[in-house]
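Just below is one structure, and these are the notes that go with it.
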Amino acid sequence: MPVSALPGFRDVFPDALARRRRIFAAWREVASRYGFEEYDGPPLEPVELYTKKSGDEIVAQLYRFTDKGDRDIALRPEMTPTLARMVAQRAAQLKKPIRWFSIPQLFRYERQQRGRLREHFQLNMDIIGEPGPLADAEVIAAAVDIVRALGFGPQDVRVRLSDRRILADALVNDVGLPSAELAGALSAIDKLERNPEAATAWVAERSIPRASADALAALVASLDDPARLLARDVARPLQECLQGLDAMGLASFVDVDFRIVRGLAYYTGVVFELFDAKRALRAICGGGRYDDLLKQVGGVDLPCVGFGMGDVVLGELLGERDGPPRSDPSVTVFVATVGEEDRAAALGLAHALRDRGIGVEFALKRQALGKQLELAVARGARAAVVIGPDERAAGEAVVRLLGTGTEQRVKLTQLVNDYVF
Ligand code: HAM
């Protein structure tokens, strides 16, 4: 029996890798347009890094083991705690606001389903050292520009935007919830859509006074009517963030939606997720403001905002729109020979073209010219360069454009120096 890959892990064939490369290219291109610098961290981390502040959900999903030095180790399930530690180490030297991005592979022992695997790559873009709402707008705009770069518009992808401070204010002041209960209440609201029973159970487990329970029910009902919550004083940063996005011309992508809370425990302000407009898949991206994490992880008090965007859901969306992935052409030019005695000239030409930076392949064994041209077409080469005895004698080769079938004789010196295929 062949040994198959573990559940939730991918064997990535070249066609699928071509699609992943396209996603990575969009990530890198937008990160660079927004002035972000790339960093990386270790794929293994002490478990403690996540138990401190990520929240129970992600800790329960850790790939966790004890190493030979008896350390409690996890494969990284997210990048944000690593980022917090790294920034804290150099906080004094780094010019604020810090704009950093990374594309780590992450591991979570989740129940495998469409758009959810046990490993994924995740673009992280974070701004550190700026508490103002324009930093929130900036990272949301970057996330939107990535989906735009991949050809999606507001009819395809929606930003669902909220602010935990607004819900917290309503929970404490309208419902009368003790602040010690806030985290639990936010987590229950986070589960409303996916698992409403959990939210009901959370309320049932507490002996909440009747008036508070009514106020809580009214608050939950009002989540669908953002205007009321948006009118509160505490909503001013969210309003400014919205104004920023509007001024950038991106308001058409954004819905204020107070059902978005986010599962991770460390968020303190604006939170957002990007979804496919049909909501058929899990979130494309999630992020928000986490102003206390650096203090908790590294002892440095710096506000942060950022997001993580995975490759899996984006890949599903591209698949729905474009069909199955296709490999990129592996070569531009295929050098073919008429007879065995042409081989040395062909090898010399192939190598000279490679030195020019052109992708070149040739048959590795003796083959009829027809077979060689067949392989050239299968590789998606733009041109075949054919060398035979007559051409060699004249210091030339035949360039056959494989798209049109047109042929022309070209001097070998020109091919080697500056011929454009
Ligand atoms: P997250 O919501 O856990 O946030 O993940 C962000 C995105 O990563 C998700 O929206 C999804 O696209 C992708 N993702 C997460 N888990 C999986 C999975 N099992 N399979 C496929 N894709 C997945 C965070 O991780 C935060 N640390 C993001 C952040 C950065 N917040 C601030 N800065």
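Just so you know, ligand 1 is whichever comes first in the structure, and atom 1 is the first atom listed for that ligand.
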_Test: Glu197 and Lys191 ion pair at under 4.0 Å_ = no
*Given Glu273 and Arg160, is the salt bridge (Lys or Arg N to Asp or Glu O under 4.0 Å) satisfied, shown in steps?*
CA-CA 5 Å; Glu273 292 187 341; Arg160 302 173 71 193; 5.3 Å; no
*Region of Tyr267 that comes within reach of ligand 1 [heavy atoms, distance under 4.0 Å]*: side chain
*What residue and atom, counting heavy atoms only, is the protein's closest point to atom 16 (N) of ligand 1, and at what distance?*
Arg108 NH1, 3.2 Å
*For Leu117 and ligand 1, does the shortest N/O to N/O distance drop below 3.5 Å?*
yes
*Is there a heavy atom of Arg282 sitting under 4.0 angstrom from any atom of ligand 1?*
yes
*Heavy-atom donor-acceptor pair, Arg354 side chain to Val360 backbone, under 3.5 Å*: yes
*What residue and heavy atom of the protein are closest to atom 19 (N) of ligand 1, and at what distance?*
Glu110 OE2, 2.5 Å
*Report the C-alpha separation of Tyr267 and Arg262 in whole Å, then their side-chain angles, then the decisive distance to 0.1 Å, and conclude whether the side chain to side chain donor-acceptor pair (under 3.5 Å) test is met.*
CA-CA 8 Å; Tyr267 294 108; Arg262 307 265 305 127; 2.9 Å; yes
*Close N or O approach (Ala283, ligand 1; < 3.5 Å)*: yes
*Pull out every atom of ligand 1 sitting under 4.0 Å from any heavy atom of Gly310, numbered as shown with elements.*
8 (O), 12 (O), 13 (C)
*Determine whether the side chain, the backbone, both or neither of Phe307 has a heavy atom under 4.0 Å from any heavy atom of ligand 1.*
backbone
*Tyr39/Phe101 aromatic ring centres below 6.0 Å*: no
*Is there a donor-acceptor contact under 3.5 Å linking the side chains of Glu361 and Ser330?*
no
*ligand 1 to His120 polar contact by distance, N or O atoms, under 3.5 Å*: yes
*asked:* Set out, in order, the CA-CA distance, both residues' side-chain angles and the distance that settles side chain to side chain donor-acceptor pair (under 3.5 Å) for Thr80 and Tyr266, then state yes or no.
replied: CA-CA 10 Å; Thr80 312; Tyr266 45 67; 3.3 Å; yes
*Backbone or side-chain N or O of Thr80 under 3.5 Å from ligand 1 N or O*: yes
*Using a strict cut-off of 4.0 Å, indicate which atoms of ligand 1 neighbour a heavy atom of Asn124.*
30 (C)
*What is the closest protein heavy atom to atom 32 (C) of ligand 1, and at what distance does it sit?*
Gly306 O, 3.2 Å
*asked:* One pair to check against side chain to side chain donor-acceptor pair (under 3.5 Å): Gln372 and Gln367. What are the steps and the verdict?
replied: CA-CA 6 Å; Gln372 297 176 58; Gln367 256 183 344; 5.7 Å; no
*asked:* Polar contacts were defined as any N/O atom of the residue lying under 3.5 Å from an N/O atom of the ligand; does this apply to Asp126 and ligand 1?
replied: yes
*Nearest heavy atoms of Asp156 and Gly151, plus distance in Å*: OD2-O, 4.3 Å
*asked:* Tell me the closest heavy-atom pair linking Arg259 and Val220, and the distance in Å.
replied: NH2-O, 4.3 Å
*Kindly confirm or rule out an N or O of Arg262 lying under 3.5 angstrom from an N or O of ligand 1.*
yes
*Shortest protein heavy-atom distance from atom 28 (C) of ligand 1, along with the residue and atom involved*: Gly308 N, 3.4 Å
*Determine, for Arg232 against Asp174, whether the closest basic-nitrogen to carboxylate-oxygen distance falls under 4.0 angstrom.*
yes
*Name the closest protein heavy atom to atom 21 (C) of ligand 1, giving the residue it belongs to and the distance to 0.1 Å.*
Gly115 O, 3.4 Å
_Atoms of ligand 1, numbered as shown, that sit under 4.0 Å from any heavy atom of Val312_ = 21 (C)
*asked:* Any nitrogen or oxygen of Leu264 lying under 3.5 Å from a nitrogen or oxygen in ligand 1? Just yes or no.
replied: no
*Check whether any N or O atom of Tyr266, backbone or side chain, sits under 3.5 Å from an N or O atom of ligand 1, and answer yes or no.*
yes
*asked:* Please report whether the ring centroid of Tyr419 lies less than 6.0 Å from that of Phe421.
replied: yes
*At what distance is the nearest protein heavy atom to atom 5 (O) of ligand 1, and which residue and atom is it?*
Gln122 NE2, 3.1 Å
